[in-house]
Amino acid sequence: MRIEENRELAPLTTFGVGGPARWFVKAAEEADVIEAVEWAHRQRASLFILGGGSNLLVSDDGFDGLVLQIALKGIRGRLTPDSANCLYEVGAGEDWDAFVQRTVEENCAGIECLAGIPGTVGGTPVQNVGAYGEEVSSTIQSVRAYDTDRKQIVELGAGECGFSYRSSRFNSSDRGRFVVLSVVYRLARGGSPTLKYADLQRVFTPGYVPSLNEVAGAVRQIRQSKGMLLVEGDPDCRSAGSFFKNPIISREIAAAISQTAGSEPPRFSAGADLPEKVKLPAAWLIEQAGFARGYRLGRAGISSKHTLALVNLGGARASEIVALANEIRSAVSSKFSVELEMEPVMLGF
Ligand SMILES: Cc1cc2nc3c(=O)[nH]c(=O)nc-3n(C[C@H](O)[C@H](O)[C@H](O)COP(=O)(O)OP(=O)(O)OC[C@H]3O[C@@H](n4cnc5c(N)ncnc54)[C@H](O)[C@@H]3O)c2cc1C
């Protein structure tokens, strides 16, 4: 295990901003993970687990601790005894989108709408990654992780992960406790694609049943048009994807918002367990509060393709991104009394 000092973190993130890590190490084996965690404990150093850096904003001062980058590889696929499902056990350091592509080519359904999301497999259970009507919580069977409190490897069933909208125990009650080593996904062999979102339905002629591969391709195309796909040279993708979560609010507050705005916001279900609430698009609230695509504050801006993505326009400091985020939050709060929650993980602030 080779621990580097003062490693720049900006190039390891999609935002491309922020200062260095005091110490940095990459783990290609589970034993490296355990050794690195023990090293941090011995040094009494803070520990941060890094995947693909696609949901991360690093402060300008960097991180005064050990950054452990997960590079655990390997994909093992097998069928369930009744052959109805494919179980994929995937190393946390595998590229998520490449894994999605493999599953659609093998005709296994359940994550085709999550195509084009950057980052690693290990990052997906952390914020229960979701898009276009799918969330990983519906297909994750179990998560194998190193429990840094108990100092042992554990196997957590999906029911023990505390999944909800963009949340799990890994980014809430047990933040920083578990290092995800691998994830088992249970996918439907020969299953039909999920076509819940109008954006996606519009791509296909009514009555036509697209293949999983066609749906994954369509999702990537829609993402690209919104600056939500990492494309070499596209300045709109120097971001962390959506910067704010879509707020989940009561129907009464939603009605008050319509009245203030003088128009009806688009509404989505907040999930079967929250029938009394609705999910509103944060992008709509931001636009109604006076911000348009392409808005700039110093070297930080709102993507020219999607109001929800804050972008580094080139050489931005983390403080400029935060200043823009705060300006947007306070405008939405004073107009609608809704507090927007940031989605990316803030490191070193
Ligand atoms: C252009 C773009 C589009 C995006 N679109 C979406 C979208 O549609 N839906 C969505 O949900 N997200 C989206 N995201 C956000 C991001 O891609 C996902 O959250 C992704 O899963 C993060 O994975 P990562 O490996 O990059 O994690 P990182 O950014 O490296 O880390 C994020 C968090 O996960 C933790 N973590 C990472 N790996 C591990 C591990 N092995 N063990 C324990 N903790 C770990 C980190 O400590 C950190 O707290 C988008 C981002 C971008 C840049």
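Owing to the predicted nature of the structure, the values given are computational and were not obtained by experimental measurement. Remember, it's 1-based here, ligands and their atoms both numbered in the order they're listed. Values reported hereafter were calculated over all heavy atoms of this structure, with side chains retained and with hydrogens, waters and symmetry mates removed.
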| Who are the side-chain contact (heavy atoms from CB on, under 4.5 Å) partners of T194, not counting sequence neighbours? | E112, C113, E134, K196

| Results of ring-ring contact (aromatic ring centres under 6.0 Å, His included) for F99 - residues two or more places apart only | Y88, W96, Y185

Present, as a list of atom pairs with distances to 0.1 Å, all nitrogen or oxygen contacts under 3.5 Å between ligand 1 and the protein.
residue	atom	partner	partner atom	Å
ligand 1	5 (N)	R223	NH1	3.4
ligand 1	8 (O)	R223	NH2	2.4
ligand 1	9 (N)	G130	O	2.8
ligand 1	11 (O)	Q127	NE2	3.1
ligand 1	11 (O)	G130	N	3.2
ligand 1	11 (O)	R166	NE	3.4
ligand 1	12 (N)	Q127	NE2	3.1
ligand 1	17 (O)	S54	OG	2.8
ligand 1	17 (O)	P118	O	3.0
ligand 1	19 (O)	Q127	NE2	2.9
ligand 1	25 (O)	G52	N	2.8
ligand 1	25 (O)	T120	N	2.9
ligand 1	25 (O)	T120	OG1	2.6
ligand 1	26 (O)	G52	N	3.2
ligand 1	26 (O)	G53	N	3.1
ligand 1	26 (O)	S54	N	2.9
ligand 1	26 (O)	S54	OG	2.6
ligand 1	29 (O)	S54	N	3.0
ligand 1	29 (O)	N55	N	2.8
ligand 1	30 (O)	G51	N	2.8
ligand 1	30 (O)	G52	N	3.3
ligand 1	30 (O)	G53	N	2.8
ligand 1	41 (N)	V180	O	3.1
ligand 1	42 (N)	V180	N	2.8
ligand 1	47 (O)	I49	O	2.5

| Is there a donor in the side chain of Q101 and an acceptor in the side chain of R220, or the other way round, less than 3.5 Å apart? | yes

| Salt bridge between K226 and D199, side-chain N to carboxylate O under 4.0 Å? | yes

| request: Tell me yes or no: between the side chains of S211 and N213, is some donor less than 3.5 Å from an acceptor? | output: no

| For A131, which residues count as a side-chain contact (heavy atoms from CB on, under 4.5 Å) partner, sequence neighbours excluded? | L114, I117, R223

